[in-house]
There are 2 protein chains.
Amino acid sequence: MTAPTPRKSPRQHRAQATCAAILEATARILESAGPESLTTNRIAERAGVSIGSLYQYYPDKQAILAELVRAQRAALLADLNAAALLAEGLDLRATVPLLIAASLKHHAHRPLLAQRLEAAEKTLALDAETAALKAQIDALVVKVLAQRGVADPRQAAFDLAAMVNGWADAAVMAGDSDTVALAARMTRAANGYLGLVPGSVR
Amino acid sequence: MTAPTPRKSPRQHRAQATCAAILEATARILESAGPESLTTNRIAERAGVSIGSLYQYYPDKQAILAELVRAQRAALLADLNAAALLAEGLDLRATVPLLIAASLKHHAHRPLLAQRLEAAEKTLALDAETAALKAQIDALVVKVLAQRGVADPRQAAFDLAAMVNGWADAAVMAGDSDTVALAARMTRAANGYLGLVPGSVR
DNA sequence: GTCTATAGCAAGATAGAC
DNA sequence: GTCTATCTTGCTATAGAC
């Protein structure tokens with residue numbers, strides 16, 4: 001029922017700074033203390049603004065979280081788009097690692113934040129804009145796979161996304177920071193899923 | 001700091017029933033409303049006991065959750081043990097689907113509960129007993145893989161567990177109820193990861 | 001546009017009767 | 001062993017001064 005968008009678009013400089021500070025403070029609390037400890041008072045304190053200012057820009061706590069989730073999805077879409085451009089003209093075997101690397105990028109940057117935001121996303125009722133972003137992400141991967149002759153590309157896109165996401169979460173939480181090696185292992189699994197035989201490059 | 005075990009071991013019949021009712025009520029609230037709505041008052045109400053009785057057996061809310069998590073881990077360990085027995089004498093290719101099926105069983109039974117409990121586990125500080133169960137689960141899988149000649153079985157056990165878990169969560173949340181087909185697709189990926197070529201049964 | 005102060009409320013947990 | 005009644009705490013969100 002509540003609109004999870006900011007109350008006003010912050011047009012002035014200091015207002016933009018306030019919004020940014022609120023978002024960054026939320027991210028840091030999520031990383032350091034987890035969702036249980038995420039209270040509006042704490043966000044305001046950590047952002048260096050008062051609780052009153054916070055409610056000037058966000059109607060409620062969920063709206064702040066929703067904005068972070070939206071930003072994360074938008075970044076993923078952008079990276080996947082870049083990967084798709086890079087992969088243009090390449091075959092399936094060469095494309096898969098590019099998609100995996102793009103998906104992994106966020107988990108590598110701020111791993112804990114990425115994981116907690118994904119967890120929050122499952123609880124939150126996502127707004128229209130975030131849902132649209134998710135749909136675009138899905139459509140993009142489906143298209144890339146379909147162009148390269150994958151059978152049932154919708155199913156494959158879903159499965160590969162699920163595989164990579166959960167796996168990445170677990171890996172970063174266990175302290176695995178070698179993203180390159182992780183991506184290589186994931187690629188082995190993805191190739192097996194897609195029916196690509198390992199050695200037969202010739 | 002707080003011991004996440006029941007205050008007293010319920011030795012009498014009605015006390016056991018009370019404990020069971022509390023656990024089941026917690027599970028149902030988790031399934032139907034999510035972790036945000038999980039309050040001690042609600043648990044007591046749904047269990048048909050008073051809040052006072054609840055605190056007679058559990059020192060705090062976390063302890064109830066911890067017990068559910070522990071039960072889930074214990075069940076997984078039991079199922080994996082059964083799978084390992086079944087797999088005795090079988091080669092790697094035949095063993096992998098058995099392990100996957102065992103891991104998938106819980107997600108299939110009460111999918112939402114399994115997913116929410118795993119999410120809770122990441123937030124909770126897990127008690128010694130649950131940690132021990134996790135270690136046993138890990139050791140079991142490592143042993144099974146090592147016996148069948150998998151290189152770096154520790155890494156493989158971790159990766160396969162991460163892959164299956166995250167993937168299963170996403171699948172059940174999307175409403176995919178065909179566990180058999182899901183297990184088959186996962187097996188393709190696992191085989192690829194392990195370097196097993198698809199067609200070459202011979 | 002930002003602040004302080006606080007209303008209003010719900011949660012966790014306890015005391016003490018039965 | 002179980003209950004009702006209640007204390008205490010801390011959260012969300014608002015009102016109104018500056």
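Order of the sequence lines sets the chain letters (A, B, ...), proteins ahead of strands, with each chain counted from 1.
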Starting from the 5' end of DNA chain D, give me the residue, B/V49 or A/L38, whose nearest nucleotide shows up first.
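First, find each residue's nearest nucleotide; the 5'-ward one identifies B/V49.
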What is the separation between atom [atom1] on [X] and atom [atom2] on [N], rounded to the nearest whole Å?
{"X": "A/Q16", "N": "C/dG1", "atom1": "CD", "atom2": "P", "value": "11 Å"}
{"X": "A/Y55", "N": "C/dT4", "atom1": "OH", "atom2": "P", "value": "16 Å"}
{"X": "A/Y57", "N": "D/dT14", "atom1": "OH", "atom2": "C1'", "value": "17 Å"}

Is any side-chain heavy atom of B/E121 less than 4.5 Å from a side-chain heavy atom of B/Q72?
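B/E121 vs B/Q72: side chains apart.
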If you pin B/G52 and B/K61 to their nearest nucleotides in DNA chain C, which one's is more 5'?
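Between the two, 5'-proximity favours B/K61.
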About how many Å separate CD of A/E45 and OG1 of A/T40, when rounded to the nearest 0.5 Å?
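Answer rounded to 0.5 Å: 11.5 Å.
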CD1 of A/I64 to CG of A/D60: how many Å apart, nearest 0.5 Å?
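A/I64 CD1 to A/D60 CG: 8.0 Å, rounded to 0.5 Å.
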Does a nitrogen or oxygen in the side chain of B/S53 sit under 4.0 Å from OP1 or OP2 of D/dG1?
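So the side-chain polar atoms of B/S53 never come under 4.0 Å of the phosphate oxygens OP1 or OP2 of D/dG1.
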Does A/T40 put a side-chain nitrogen or oxygen below 4.0 Å from OP1 or OP2 of D/dC11?
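It does not, given that no N or O in the side chain of A/T40 lies less than 4.0 Å from OP1 or OP2 of D/dC11.
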Scan A/S50 against the nucleic acid and name what it touches under 4.0 Å (heavy atoms): base, sugar-phosphate only, or nothing.
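Base, at least one base heavy atom under 4.0 Å.
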May I ask you to say whether B/R116 pairs ionically with B/E31, meaning some side-chain N is under 4.0 Å from a carboxylate O?
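No, B/R116 and B/E31 are not salt-bridged.
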Per B/A15 side chain, nearest of listed nucleotides D/dT12, D/dC3, D/dG1:
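The nucleotide sitting nearest to the side chain is D/dG1.
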